[in-house]
Amino acid sequence: MPQATVTIKKGSGRSLKAGGSWIYDNEIDRIEGAYENGDMVQVADFDGYPLGQGFINLNSTIAVRMMTRRRDVPVDEVLIEKRVRDAWDYRKAVVDTASCRLIFGEADFLPGIVIDKFADVLVVESLALGIDRLKPMIVDKLVKVLAEDQIQIRGIYERSDAKVRLQEGMERFKGFIGAPFDTKVEIVENGVRYLVDVRDGQKTGFFLDQKYNRQAIRRLCPGKRVLDCFTHTGSFALNAGAAGAASVLGVDASQLAIDQARENAALNGLSGTVSFQCADVFELLPQLEGAGERFDVVILDPPAFTKSRSSIKNAVRGYREINLRGLRLVKDGGYLATCSCSHFMDPALFAKTIREAAAGVHKRLRQVEYRTQAPDHPILWSGDEASYYLKFYIFQVCEER
C-alpha cells in the first residue's frame with residue numbers, strides 16, 4: 001500500500017471530484033511520508049477525507065494520476081488484470097476487434113498508457129512514469145487475456161517517443177518488446193487493406209479512431225469526384241475509391257505518407273482511381289480553386305492545430321481557413337466532411353468556426369450527421385475532458401438561394 005499521502009488544498013481538486021483523473025501540482029497543499037516519483041500515494045482532501053490512490057510525479061504539472069477512488073484496494077496484478085479484461089470485454093461488445101485500440105489510458109482506468117492492436121501485433125505507447133513501471137504487467141496480462149480468445153500476438157512494438165514523456169522526466173523510446181518482427185503489418189478495415197508501419201508511422205502507425213467515420217463517407221462517393229485533404233496514408237481516399245468514386249485525389253505534406261498511401265492503393269487495386277499528391281494543403285487548395293477545379297466530396301482531416309489552451313486562437317484561425325478553402329471547392333449540392341482531433345477545440349467552438357467559414361464564402365450547410373471517435377476510443381464522462389477529442393461533421397453544401 002502507498003506510504004505517502006498527498007493532501008490537496010481547500011477549494012482545489014474540482015476536476016478530480018467531478019470524475020477526472022488528474023491532480024495538478026498547484027492543487028497540492030502538502031505531502032506527508034516518503035516517496036519517489038512514480039510511486040503510488042494516498043490522496044486526501046484538505047480535511048483528510050480519502051479520495052483514492054494514484055501515481056505521483058512532481059516532474060510533471062500533472063502531479064498525480066489516479067488509479068483508484070478506493071483507499072483500501074491494492075494496485076496489484078489482480079487489479080491490473082481486471083482492468084485489462086474489462087477493456088477487452090468492452091471492445092468485443094462494441095467494435096470490430098481485428099484492429100482496434102485495446103487500452104485508451106484514463107478512459108480505461110489505466111492512466112497514461114495506450115495499446116493498439118493491428119491484426120496480430122500490439123503497439124504500446126506509455127506516457128507517464130507511474131504507469132511505465134506497470135507496463136510489463138499490463139502487456140503480459142493483455143497477451144494472456146487475448147490468448148483466452150484464441151488470439152495469438154506475434155509481436156509487440158513500443159512507440160513511447162512522444163515529446164510529452166520529457167515533461168514526465170522520462171526519455172523518449174521506441175523499439176521491440178520481445179523478439180523483433182517485420183514492422184510493416186497488413187490490416188483490413190472496412191474491407192480496405194493497409195500496410196501499417198508501426199515503427200515509423202505517425203503515433204502508433206495508423207489512426208484507428210476514424211474507422212466508422214471513414215465508413216460513413218462511402219455512401220456519398222459512388223460515381224463522384226473526391227478530394228481528401230491531409231490524407232496521411234490514404235485511409236479516407238481509399239474508402240472513397242472502394243465505394244466506387246469516379247476519381248479521388250489525396251493530398252498530404254509528408255512524402256513518406258504519400259508513398260505509403262500509393263502502396264496501399266496498389267494493395268487494393270485502386271491505383272487507377274485513387275491518386276496522391278505531396279503538397280501543403282493550405283497552398284494547394286487556392287491553386288485548385290484558381291484553376292476552376294470543383295469536387296463532389298471534399299474531406300478535411302487535419303492534424304490537431306493546437307495541443308494547449310494557450311494556442312487555441314491560432315487553432316481557430318487554422319480551422320476557419322482550411323474549412324473556408326475546402327468549402328470553395330465543393331460543387332453546389334456536394335458534400336463536406338470535416339473534423340478536429342484536438343480536445344481543446346471543444347464541440348461548440350468547432351461548430352462556431354465552421355459556421356463562420358461557411359458565412360465567409362456565402363455557403364449554406366445542411367448537416368447530414370455528426371460523429372465522434374470510434375467506440376474503442378471511449379469517451380469517459382464526468383471530468384475526463386481529454387477522452388472526448390474527435391469531432392466529425394458531414395454537411396451538404398448549398399449555394400445561397
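Because the structure is predicted, anything quoted here is derived from the model rather than measured.
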(message) Can you give me the closest heavy-atom contact between Tyr319 and Cys341, atom names plus distance?
(response) OH-N, 4.0 Å

(request) Mind running side-chain hydrogen bond (donor to acceptor under 3.5 Å, both in side chains) on Arg193 and Asn268 for me, showing each step along the way? (result) CA-CA 6 Å; Arg193 299 164 67 192; Asn268 289 275; 5.5 Å; no

(message) Could you check whether any side-chain heavy atom of Val316 comes within less than 4.5 Å of a side-chain heavy atom of Lys313, counting everything from C-beta outward?
(response) no

(request) Give me the one residue out of Phe206, Tyr194, Phe207, Phe276 that meets ring pair (Phe, Tyr, Trp, His ring centres under 6.0 Å) with His232. (result) Phe207

(message) Strictly below 4.0 Å, N to O, side chains only: are Asp45 and Lys17 in salt-bridge contact?
(response) yes

(request) Taking all heavy atoms of Ala253 and all of Cys278, pick out the closest pair and write down the distance. (result) O-SG, 3.5 Å

(request) Taking only Lys NZ, Arg NE, NH1 and NH2, and the carboxylate oxygens of Asp or Glu, determine whether Asp116 and Arg101 approach each other closer than 4.0 Å. (result) yes

(message) Counting neighbours of NZ on Lys352 that are heavy atoms of other residues, nucleotides or ligands and sit closer than 6.0 Å, is the number greater than 12?
(response) no

(request) Look at atom CD of Gln255 and say whether more than 12 heavy atoms of other residues, nucleotides or ligands are closer to it than 6.0 Å. (result) yes

(request) Indicate yes or no for a side-chain donor-acceptor contact from Asn190 to the backbone of Val192 under 3.5 Å, with no hydrogens or angles considered. (result) no

(message) I'd like to check Tyr24 versus Ile62 (side-chain heavy atoms, cut-off strictly below 4.5 Å). Are they in contact?
(response) yes

(message) Taking atom NZ as the centre, does Lys82 end up with more than 12 heavy-atom neighbours from other residues, nucleotides or ligands that are less than 6.0 angstrom away?
(response) no

(request) Could you walk me through whether Asp29 and Lys10 pass salt bridge (Lys or Arg N to Asp or Glu O under 4.0 Å), step by step? (result) CA-CA 8 Å; Asp29 179 50; Lys10 187 174 183 178; over 6 Å; no

(message) Can you tell whether the side chains of Lys141 and Glu77 come within less than 4.0 Å, N to carboxylate O?
(response) yes

(request) Could you go through the salt bridge (Lys or Arg N to Asp or Glu O under 4.0 Å) check for Asp108 and Arg91 one step at a time? (result) CA-CA 11 Å; Asp108 283 305; Arg91 268 75 183 175; 2.7 Å; yes

(message) Taking atom CD as the centre, does Glu148 end up with more than 12 heavy-atom neighbours from other residues, nucleotides or ligands that are less than 6.0 angstrom away?
(response) yes

(request) Report, as yes or no, whether the 6.0 Å neighbourhood of atom CD on Glu356 holds more than 12 heavy atoms from other residues, nucleotides or ligands. (result) yes

(message) Distance alone, cut at 3.5 Å: any donor-acceptor contact between the side chains of Tyr157 and Thr183?
(response) no

(message) With a 6.0 Å cut-off (strictly less than), is the heavy-atom count around CZ of Arg366, excluding the residue itself, greater than 12?
(response) no

(message) Salt bridge or not between Glu399 and Arg364? Use side-chain N to carboxylate O under 4.0 Å.
(response) no

(request) State whether the number of non-hydrogen atoms from other residues, nucleotides or ligands found under 6.0 Å of Arg70 atom CZ is greater than 12. (result) no

(request) Check for a donor-acceptor pair, side chain of Glu106 on one end and backbone N or O of Met66 on the other, with a separation under 3.5 Å. (result) no

(request) Give a yes or no on whether a salt bridge exists between Arg159 and Asp161, defined as a side-chain N under 4.0 angstrom from a carboxylate O. (result) yes

(message) I need the Thr68 OG1 to Leu51 CG distance, nearest 0.5 Å.
(response) 11.5 Å

(message) Counting C-beta onward and ignoring hydrogens, is there a side-chain heavy-atom pair between Val196 and Val123 closer than 4.5 Å?
(response) no

(message) Taking the basic N atoms (NZ, or NE/NH1/NH2) and the acidic carboxylate oxygens, is any pair closer than 4.0 Å for Lys92 and Asp149?
(response) yes

(request) If the plane angle is over 60° it's perpendicular, under 30° parallel, otherwise tilted; pick one for Tyr393 and Phe395. (result) parallel

(message) For a quick test of reading the model, state the closest non-hydrogen atom pair linking Ala44 to Thr5 and the distance between them.
(response) CB-CG2, 4.1 Å

(message) What I'd like to find out is whether the side chain of Phe55 reaches to under 4.5 Å of the side chain of Leu129, using heavy atoms alone.
(response) no

(request) Tell me, with the steps shown, if Glu189 and Gln210 meet side chain to side chain contact (heavy atoms under 4.5 Å, CB included). (result) CA-CA 11 Å; Glu189 180 194 88; Gln210 294 273 30; over 6 Å; no

(message) Looking at every non-hydrogen atom in both residues, tell me the closest pair between Val143 and Leu122 and how far apart they are.
(response) CG2-CD1, 4.1 Å

(request) For Ala162 and Leu127, work out which heavy atoms get closest and say how close. (result) CB-CD2, 3.9 Å

(message) Run Asp296 and Arg225 through salt bridge (Lys or Arg N to Asp or Glu O under 4.0 Å) and show every step you take.
(response) CA-CA 5 Å; Asp296 300 293; Arg225 190 172 188 229; over 6 Å; no

(message) Whether the Asp228 and Thr231 side chains hold a donor-acceptor pair (N or O, under 3.5 Å, no angle test) is what I'd like checked.
(response) yes

(message) If you compare all heavy atoms of Lys211 against all heavy atoms of Val95, which two are closest, and at what distance to 0.1 Å?
(response) NZ-CG2, 3.9 Å

(request) Output yes when a side-chain donor or acceptor of Lys391 lies under 3.5 Å from a complementary backbone atom of Ala351, and no otherwise. (result) no

(message) Treating Lys117 as the side-chain partner and Ala98 as the backbone partner, does any N or O pair qualify as donor plus acceptor under 3.5 Å?
(response) yes

(request) Report the distance from atom NE2 of His377 to atom CZ of Phe104, rounding to the nearest 0.5 Å. (result) 6.0 Å

(message) Between Arg294 and Asp332, does any side-chain N to carboxylate O distance fall below 4.0 Å?
(response) no

(request) Check the pair Arg165 / Asp132 against salt bridge (Lys or Arg N to Asp or Glu O under 4.0 Å), numbers first and verdict last. (result) CA-CA 10 Å; Arg165 277 177 66 98; Asp132 204 63; 3.4 Å; yes

(message) Looking at Arg154, I want to see if its CZ is surrounded by more than 12 non-hydrogen atoms of other residues, nucleotides or ligands under 6.0 Å.
(response) yes

